[in-house]
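For reference, the structure is listed below as structure tokens.
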Amino acid sequence: KILGIVRMSKTILVTGGAGFIGSHTCVALIAAGYAPLVLDNLGNSDVRVLDRVERIAGQRPGWIEGDVRDRALLDRVFAQHRIAGVIHFAGLKAVGDSVTDPLGYYDNNVHGTWVLTQAMEAAGVHALVFSSSATVYGETDPPIAEDAPCHPTNPYGRSKRIVEETLGDWQLARPHWSIALLRYFNPVGAHESGLIGEHPQGQPNNLMPFVAQVAVGLRERLVVHGNDYPTPDGTGVRDYVHVMDLAEGHVAALRKVQQAPGLLTLNLGTGVGHSVLQVVQAFERASGRAIPYTVGPRRPGDVPANWADPSRAAEVLGWRARRGLDAMCVDSWRWQQGNPKGY
Ligand code: NAD
Ligand code: UFG
């Protein structure tokens with residue numbers, strides 16, 4: 001038994017590991033004694049992130065440039081490395097793009113996951129952590145627990161839900177597999193060093209990067225998408241979760257899937273909702289800058305409010321988000337100020 005533990009591989013394949021959440025998870029994996037091996041096609045990321053991860057964590061992740069849909073490449077990767085488990089971040093995530101290019105989204109997110117799963121099966125690797133999203137719930141009254149009905153409202157959300165359902169079928173057919181489906185709420189913030197963070201291409205879709213770009217002077221003002229929602233101040237309410245808390249949640253989920261077979265579906269959120277205006281105020285405190293804004297119409301497809309019931313992740317993983325909105329804004333600002341043009 002002791003020999004078995006000594007010989008256990010610490011190499012974790014991290015698809016999409018050059019991206020926002022993946023890069024932060026590499027830092028957390030290294031801190032926990034794992035050796036991340038990143039596979040990424042750089043479609044939405046910059047390879048220089050690996051230098052930064054090395055600076056923070058003192059160890060460089062392994063690196064393979066390539067696409068998760070490339071079965072021959074995956075077979076080579078699994079043959080050349082003794083991989084203990086896979087964290088699968090690689091995917092497309094822009095809701096609006098998914099509406100104009102649904103098949104591109106299903107191809108990348110759904111087909112990509114199937115190719116990866118088949119390559120894992122062929123290689124005898126049976127532990128998988130998958131990036132799902134709270135968007136699978138659609139409009140449901142918060143707090144949202146994992147057994148809430150799922151009614152995704154756009155192709156991106158449906159691509160995540162299809163993956164969840166098909167991985168569920170797969171786990172039933174292969175009961176020795178262990179799969180965690182992690183439904184993230186709204187990941188924001190950056191590593192506290194300010195060396196890695198989120199750098200969206202073009203105009204940000206999401207609130208926090210937009211606010212950060214206004215604070216640093218890259219954009220003139222925020223447009224608040226509606227202030228007539230049935231929420232305390234009329235603006236949309238979301239469960240913002242610090243990306244390092246999320247990263248630590250992945251390490252906890254990985255440990256769990258390595259312990260026992262099964263299928264786990266877990267929310268990763270704080271359980272607390274904040275409005276758009278609360279985020280603006282917290283960012284003003286963090287940055288010492290004014291964030292000018294105007295109020296525009298509601299954004300089509302937005303729900304008034306959502307936040308997680310995060311109790312299952314606490315019970316099953318012993319994981320809880322520890323960092324609050326102020327830390328999210330302070331860390332996001334440190335990254336934004338130090339890297340206004342990204343890497
Ligand atoms: P990101 O775009 O920063 O990271 C995704 C990474 O995957 C990028 O580096 C990209 O280059 C890579 N990639 C995309 N398709 C690929 C492919 N076919 N082969 C290889 N690499 C590929 O996004 P993120 O915010 O870090 O999100 C990571 C995962 O979490 C995604 O699956 C996303 O859908 C999911 N998620 C994100 C959020 C969020 O708000 N950020 C919320 C819920 C779920
Ligand atoms: N908002 C603004 N102005 C902006 C951007 C956003 O007022 O410029 C508002 C939105 O209307 C919403 C809140 O800020 O009320 C948060 O919006 P985000 O775009 O940051 O986040 P969403 O909750 O809309 O979507 C995010 C991810 C999706 C994911 C979803 C899961 O972007 O990919 O969470 O819950 F599917």
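First listed ligand is number 1; within each ligand, the first listed atom is number 1.
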Out of [options], whose heavy atom sits nearest [atom]?
| atom | options | value |
| --- | --- | --- |
| atom 34 (O) of ligand 2 | N186, D239, L92, L207 | N186 |
| atom 23 (O) of ligand 2 | R183, R238, Q203, H225 | R238 |
| atom 40 (O) of ligand 1 | P200, G16, G19, P187 | P187 |
| atom 9 (C) of ligand 2 | V95, V223, N154, V276 | V276 |
| atom 11 (O) of ligand 2 | T231, D302, N206 | D302 |
| atom 15 (N) of ligand 1 | N108, V163, V38 | N108 |

For [atom], what is the nearest protein heavy atom, given as residue, atom name and distance?
| atom | result |
| --- | --- |
| atom 34 (O) of ligand 1 | Y156 OH, 2.8 Å |
| atom 26 (O) of ligand 1 | I21 N, 2.8 Å |
| atom 31 (C) of ligand 1 | F89 O, 3.1 Å |
| atom 30 (O) of ligand 1 | Y184 CE1, 3.3 Å |
| atom 3 (O) of ligand 1 | F20 N, 2.8 Å |
| atom 12 (C) of ligand 1 | D40 OD1, 3.3 Å |

- Message: Quick one, H88 with T15, criterion side-chain hydrogen bond (donor to acceptor under 3.5 Å, both in side chains). Give me CA distance, side-chain angles, the key distance, then yes/no.
- Response: CA-CA 5 Å; H88 179 37; T15 76; 2.6 Å; yes
- Query: Parallel, tilted or perpendicular: which describes the rings of W177 and H126, with under 30° parallel and over 60° perpendicular?
  - Reply: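 Because their plane-to-plane angle lies in the 30° to 60° range, the rings of W177 and H126 count as tilted.
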- Query: Aromatic rings F283 and W333: how do their planes relate, parallel, tilted or perpendicular, breaks at 30° and 60°?
  - Reply: perpendicular
[X] versus ligand 1: do any nitrogen or oxygen atoms come within less than 3.5 Å of each other?
| X | answer |
| --- | --- |
| F185 | no |
| S132 | no |
| G43 | yes |

Within ligand 2, which atoms have a heavy atom of [X] less than 4.0 Å away?
| X | value |
| --- | --- |
| L222 | 3 (N), 4 (C), 8 (O) |
| S133 | 29 (C), 31 (C), 36 (F) |
| N205 | 5 (C), 19 (O) |
| V224 | 7 (O) |

- Is it true that R161 and E164 make a salt bridge, defined as a side-chain N closer than 4.0 Å to a carboxylate O? yes
- Presence of salt bridge, R289 and E284, under 4.0 angstrom: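 Salt bridge absent between E284 and R289.
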- Item | Between T235 and N227: side-chain donor-acceptor atoms closer than 3.5 Å |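 No, no side-chain donor-acceptor pair sits under 3.5 Å.
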- Which residues pass the side-chain hydrogen bond (donor to acceptor under 3.5 Å, both in side chains) test with H242, sequence neighbours left out?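 For H242, the residues satisfying side-chain hydrogen bond (donor to acceptor under 3.5 Å, both in side chains) (neighbours in sequence not counted) are D331.
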- Query: Below 4.0 Å from any atom of ligand 2, is there a heavy atom belonging to Y293?
  - Reply: no
- Message: Heavy-atom contact check, 4.0 Å cutoff: does Y156 meet ligand 2?
- Response: yes
- Test of proximity, M208 against ligand 2: N or O pairs below 3.5 Å: no
- Message: For D326, give me all partners under side-chain contact (heavy atoms from CB on, under 4.5 Å), at least two apart in sequence or on another chain.
- Response: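 Checked D326 against side-chain contact (heavy atoms from CB on, under 4.5 Å); matches are A282, R285.
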- For the student: nearest non-hydrogen atoms of L167 and I179, plus distance: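 Result for this residue pair: O-CD1, 3.7 Å.
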- Message: Taking the six-membered ring of F210 as reference, does the cationic atom of R219 (NZ for Lys, CZ for Arg) lie under 6.0 Å from its centre and within 45° of its axis?
- Response: yes
